[in-house]
Each structure stands twice: as structure tokens, then as C-alpha cells.
Amino acid sequence: QVQLVESGGKLVQAGGSLRLSCVASGRISSTYYMGWFRQAPGKEREFVAGITWSGSSTYYGDSAKGRFTISRDNAKNVVYLQMNSLKPEDTAVYYCAVRLTPNIGTRPYDYNYWGQGTQVTVSS
């Protein structure tokens, strides 16, 4: 079992920045792949960014490229999502997820464990 707890979401003005955190606990393995997704009301869950747990390979969805950065602190079992130049269309619940293989996954069903989500609201 893996438990994930996200934090850092809040109301921010357009153009601002936020850093989301995801603390992982339980049976953490260096072979796991970690991802951030988001879901806006009435829309499908969307891949934002992913990172290998033990390495530094990252991958971004189109909406995140150039504005968001995913990183991790293995000593603390934390994955971060730094979000800059935020836009109103970034408003969504952001979820952290674990994939039980080291491979990149961009679809929700690629992932095995999910956090409860953290709300990000960007005002215009």
C-alpha cells in the first residue's frame, strides 16, 4: 500500500505561482513512477507531469510545458509541482499518483494509487 497526501493548493491570481507538494508513505519503491494530474469541473482527468522516483527523468503534458516543473526529494519522499505563470484555465483539483512500474504513464488508468487532491483556483 502507498499513501499520498497533496498540499499547497489555494486561490491565486493569474500570473502568479504555486508549489504543490505530495508526500508519499507506505511501501515506497525506487522503481515507482510518480505523476501529477488535474481535473477541472466537467472535464476528464488530465496528465500534467511525471517523474521517475529514483532518477531525474521527467515528462510533461502540453499544458505544463514551459510553465510547470516537477521535482522530488527522495530523502523526504516528497514530489513537488512548481507552477508558474498560472492562468485561469489551470483551475482544477490537482492529484498526485503512483505508478507501480518505472515507465512513463500519461493516462489515469496507468496509475495504481492516488491522493485526495488539492484545489488550485486561478482568478483572472
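Quick note: residue numbers are just sequence positions, from 1. All values below were derived from every heavy atom in this structure, side-chain atoms included, with hydrogens, water molecules and symmetry-related copies excluded.
Here the side chains of C96 and M34 are in contact, with some heavy-atom distance below 4.5 Å. Put simply, the side chain of V12 reaches to within 4.5 Å of the side chain of L18, judged on heavy atoms. Put simply, the side chain of T91 reaches to within 4.5 Å of the side chain of Q119, judged on heavy atoms. For the pair W36 and V79, the minimum side-chain heavy-atom distance is below 4.5 Å. Counting only heavy atoms from C-beta outward, the side chains of M83 and Y94 approach each other to under 4.5 Å. With a 4.5 Å cut-off on side-chain heavy atoms, K43 and R38 do not count as touching. Annotation: side chain of V98 is not in contact with side chain of Y33 (no heavy-atom distance under 4.5 Å).
Once rounded to the nearest 0.5 Å, the distance linking CD1 of I51 with OG of S57 reads 8.0 Å. Separation of atoms CG (L86) and CD (Q13) is listed at 11.5 Å; rounding is to 0.5 Å. Between the OG1 atom of T52 and the OH atom of Y59 there is a distance of 14.5 Å, given to the nearest 0.5 Å. One finds the CZ atom of R99 at 8.5 Å from the OG1 atom of T106 (value rounded to the nearest 0.5 Å). Taking CG from N84 and CZ from R19, the interatomic distance works out to 11.5 Å, rounded to the nearest 0.5 Å. Distance OG1/T101 to OH/Y111: 8.5 Å, rounded to 0.5 Å.
Cation-pi geometry between R45 and Y95 is satisfied (NZ or CZ under 6.0 Å from the ring centre, within 45° of the ring normal).
Residues I70 and Y113 share a single hydrophobic cluster, defined by chaining ILVMFWY side chains whose heavy atoms lie under 4.5 Å apart. Under the 4.5 Å side-chain heavy-atom criterion for ILVMFWY residues, no single connected hydrophobic cluster contains both I28 and W114. Hydrophobic clustering, with ILVMFWY side chains joined whenever heavy atoms are under 4.5 angstrom apart, groups L20 together with V2. Residues Y80 and F37 do not share a hydrophobic cluster, clusters being chains of Ile/Leu/Val/Met/Phe/Trp/Tyr side chains in contact below 4.5 Å.
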Would L81 and V48 count as a side chain to side chain contact (heavy atoms under 4.5 Å, CB included) here? Give the steps. CA-CA 9 Å; L81 184 67; V48 176; 4.0 Å; yes
Take S71 and Q82 through the test side-chain hydrogen bond (donor to acceptor under 3.5 Å, both in side chains) and record every step on the way to the result. CA-CA 8 Å; S71 62; Q82 176 68 41; over 6 Å; no
Would you sort out whether D90 and K87 count as a salt bridge (charged side-chain N to carboxylate O under 4.0 Å, His left out), showing the intermediate values? CA-CA 5 Å; D90 293 319; K87 306 173 183 179; over 6 Å; no
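Side-chain N/O atoms of S21 and E6 include no donor and acceptor closer than 3.5 Å.
The backbone N or O of S25 lies less than 3.5 Å from no partner atom in the side chain of N77, so there is not a single donor-acceptor pair.
Of all heavy-atom pairs spanning T58 and Y60, the tightest one is OG1-CE1, 3.7 Å. Shown here for A14 and S124, the closest heavy-atom pair between the two residues is CB-CA, 4.3 Å. Scanning all heavy atoms of the two residues, the minimum distance from V120 to G9 falls at CG2-CA, 4.0 Å. For the residue pair R67 and S85, the shortest heavy atom distance occurs at NH1-O, 3.0 Å.
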